[in-house]
2 protein chains.
Amino acid sequence: MNTQSHSKSTSRSLPIALLRARETVMAPIRDMLQDINLTEQKWRILRVLDELGEVEQSTIANEACLLLPSLTRILRSMETDGQITRRQDSQDKRRSMVKITEEGRRILANNLAASLAISENIETQMGREKLDNLLDLLEELQAVKV
Amino acid sequence: MNTQSHSKSTSRSLPIALLRARETVMAPIRDMLQDINLTEQKWRILRVLDELGEVEQSTIANEACLLLPSLTRILRSMETDGQITRRQDSQDKRRSMVKITEEGRRILANNLAASLAISENIETQMGREKLDNLLDLLEELQAVKV
DNA sequence: TCAATTTACTAAACATGTTAATAATTAAGA
DNA sequence: TCTTAATTATTAACATGTTTAGTAAATTGA
């Protein structure tokens, strides 16, 4: 008898189930991103910036699930590549405000169709109702106090 | 109007929702693991090995959602620390068979209670029914053809 | 039988994750 | 005001993620 027969199988373990499900969903997205030479993290950052407008780095880190040290490096390279701009906030000089550029928006626009096609493929197989149900449950899980 | 008003907000994006939910769930587990000087990946490997017995590395990689190059490095350090053993398979000399040691099992056993407490906290807040529903949907999502 | 292909793993290079320490600035309290 | 604490971001160091390439062993198929 193994240790986990007291516990639960990894397939019913929430952290592992979330990870495996994400790997499934990400596989085609990674293929798409590889074609345009963009990492998963940079893609998330562009989407968050497009959604929120000009924001400070801590906000990006929270929304895109990145740690600040990673973000510092990634934004540096994205600034070099002309996908985002940074400027010091005039009110609070600790903050640096980040904004997506036209080039960044262009990348999003160019890949919107491919991105949607991937989502729709999953929606077709699982069904809209189940997918909404899943998204609701995931939002609820995020709100749990840990 | 931003690019994503054609698309969907990041909170209704499956990859991002899965990532954010996982961050929530993992936070207390990371705290637990830090106390015993174990990474999240090593914890997953121990759980998979405990569940499956002696297996080849590709199997571990699949089950624990790790790529083989990462696994090579991590197993090397776990072997040094006496948590797993490796031996060449006699039938197929390409394979190396990996097994959890008593030390590895001891680590699992010592942290089973803490691990369960974390799961039960989430279960209490979300409810058993919703959690089962979520796990079912995640399993279904994993099975989607991408 | 043997060349071509597949499988299992490792190596190397670079990007990101993670923690700790630090600098700069701002906020809060005595 | 002055000091202390908190906030924002960066740097450094090391572990892991990710991709590409490579090696060795096994399998396939003419």
Side-chain angles (χ1 to χ4, degrees), chain A residues 15 19-20 22-23 26-46 48 54-81 83-98, chain B residues 15 19-20 22-23 26-46 54-81 83-84 86-98:
Chain A
L19 186 56
R20 288 178 183 160
R22 187 159 195 281
E23 289 305 303
M26 283 309 298
I29 298 180
R30 292 210 180 93
D31 292 343
M32 174 191 87
L33 293 176
Q34 191 149 19
D35 292 340
I36 56 174
N37 199 33
L38 213 64
T39 64
E40 192 186 322
Q41 290 81 359
K42 290 179 179 178
W43 177 253
R44 283 209 303 277
I45 291 170
L46 289 178
V48 165
E54 188 173 35
V55 289
E56 59 188 310
Q57 296 188 186
S58 302
T59 303
I60 303 175
N62 278 325
E63 293 297 315
C65 290
L66 293 167
L67 294 178
L68 275 173
S70 297
L71 192 61
T72 293
R73 278 179 309 212
I74 298 171
L75 289 181
R76 190 186 298 147
S77 109
M78 293 178 77
E79 195 173 20
T80 300
D81 294 343
Q83 296 154 358
I84 59 113
T85 57
R86 281 196 285 189
R87 64 171 184 82
Q88 193 182 44
D89 184 84
S90 52
Q91 312 300 314
D92 185 340
K93 291 176 181 168
R94 292 168 304 182
R95 296 171 201 261
S96 87
M97 303 301 288
V98 182
Chain B
L19 185 57
R20 289 179 182 159
R22 187 158 195 280
E23 289 305 302
M26 283 309 298
I29 299 180
R30 292 210 180 93
D31 292 344
M32 175 190 86
L33 293 176
Q34 190 150 20
D35 292 340
I36 57 175
N37 199 34
L38 215 63
T39 64
E40 192 186 321
Q41 292 81 359
K42 289 179 179 178
W43 177 253
R44 284 209 303 279
I45 292 170
L46 288 179
E54 188 174 35
V55 289
E56 59 189 310
Q57 294 187 187
S58 301
T59 303
I60 302 175
N62 277 327
E63 294 295 315
C65 289
L66 293 167
L67 295 176
L68 275 173
S70 296
L71 193 61
T72 294
R73 279 179 310 211
I74 298 171
L75 288 181
R76 189 188 299 148
S77 108
M78 293 178 78
E79 193 173 23
T80 301
D81 294 343
Q83 294 154 359
I84 59 110
R86 280 196 286 187
R87 65 172 183 83
Q88 193 182 44
D89 185 82
S90 52
Q91 313 298 315
D92 185 340
K93 290 177 182 169
R94 293 169 305 182
R95 295 171 203 262
S96 89
M97 304 300 289
V98 182

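Taking 4.0 Å as the cutoff to heavy atoms of chain B, we find the contact window on DNA chain C bounded by C:dT7 to C:dT19.
B:Ser96 comes within contact range of the sugar-phosphate backbone alone, with a heavy-atom separation under 4.0 Å but no base atom that close. B:Thr39 comes within 4.0 angstrom of the backbone, heavy atoms only, and of no base. Note on A:Leu66: only backbone sugar-phosphate atoms sit closer than 4.0 angstrom, heavy atoms only; bases stay farther off.
Between B:Ile84 atom CD1 and B:Arg76 atom CZ the span is 11.0 Å, to the nearest 0.5 Å. Distance check: A:Asp31 CG to A:Met26 CE gives 10.0 Å after rounding to the nearest 0.5 Å.
Two residues are said to be in side-chain contact when any heavy atoms from C-beta on lie closer than 4.5 Å; A:Val55 and A:Glu63 fail this criterion. Using a 4.5 Å heavy-atom threshold, the side chains of A:Arg86 and A:Met78 count as separate. Taking the side chain as every heavy atom from C-beta outward, A:Gln41 and A:Leu66 approach each other to under 4.5 Å.
A residue-by-residue look at B:Asp92 and A:Gln57 shows that A:Gln57 has its nearest nucleotide of DNA chain D further toward the 5' end. In terms of position along DNA chain C, the nucleotide closest to A:Lys42 lies nearer the 5' end than the nucleotide closest to the other residue of the pair A:Gln91 and A:Lys42.
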Intermediate values then yes/no, side chain to side chain contact (heavy atoms under 4.5 Å, CB included), A:Leu71 and A:Ile45:
CA-CA 9 Å; A:Leu71 192 61; A:Ile45 291 170; 3.6 Å; yes

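Taking atom CZ on A:Arg73 and atom C1' on D:dA9, their separation rounds to 14 Å, with Å as the unit. For the pair B:Lys93 NZ and D:dT27 C1', the computed distance is 16 Å after rounding to whole Å.
Residues that satisfy the salt bridge (charged side-chain N to carboxylate O under 4.0 Å, His left out) test with B:Arg73, not counting sequence neighbours, are absent from this structure. Among residues two or more places apart in sequence or in another chain, the side chain to side chain contact (heavy atoms under 4.5 Å, CB included) test is passed with A:Asp81 by A:Lys42, A:Ser77, A:Gln83. Taking the side chain to side chain contact (heavy atoms under 4.5 Å, CB included) definition, one finds that B:Leu67 meets it with B:Pro69, sequence neighbours left out. The salt bridge (charged side-chain N to carboxylate O under 4.0 Å, His left out) check on B:Arg22 picks up B:Glu40, with sequence neighbours excluded. Residues passing the side chain to side chain donor-acceptor pair (under 3.5 Å) test with A:Ser96 are A:Gln57, sequence neighbours excluded. Not counting sequence neighbours, the partners of A:Asp92 by the salt bridge (charged side-chain N to carboxylate O under 4.0 Å, His left out) test are A:Arg94, A:Arg95. Partners of B:Gln34 by side chain to side chain contact (heavy atoms under 4.5 Å, CB included), not counting sequence neighbours: none found.
Within a 6.0 Å radius of CG in B:Asp35, more than 12 heavy atoms belonging to other residues, nucleotides or ligands are found.
When distances run from any side-chain atom of A:Glu40 to the nucleotides D:dT18, D:dA26, D:dG17, the shortest one goes to D:dT18.
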Give every pair of a protein N or O atom and an N or O atom of nucleotides 3-7 of chain D that lie under 3.5 Å apart, one pair per line with the distance.
unit_1 : atom_1 : unit_2  : atom_2 : d
D:dT7  : O2     : A:Arg94 : NH1    : 2.9

Protein-nucleotides 19-23 of chain D N/O pairs under 3.5 Å:
unit_1 : atom_1 : unit_2  : atom_2 : d
D:dT19 : O3'    : A:Gln34 : NE2    : 3.2
D:dT20 : OP1    : A:Gln34 : NE2    : 3.2

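Close to D:dT11, at under 4.0 Å from its OP1 or OP2, lies a side-chain N or O of A:Arg76.
Between its opening and closing five pairs, the helix from C:dT1-D:dA30 to C:dA30-D:dT1 changes axis direction by 30°, a value rounded to 10 degrees.
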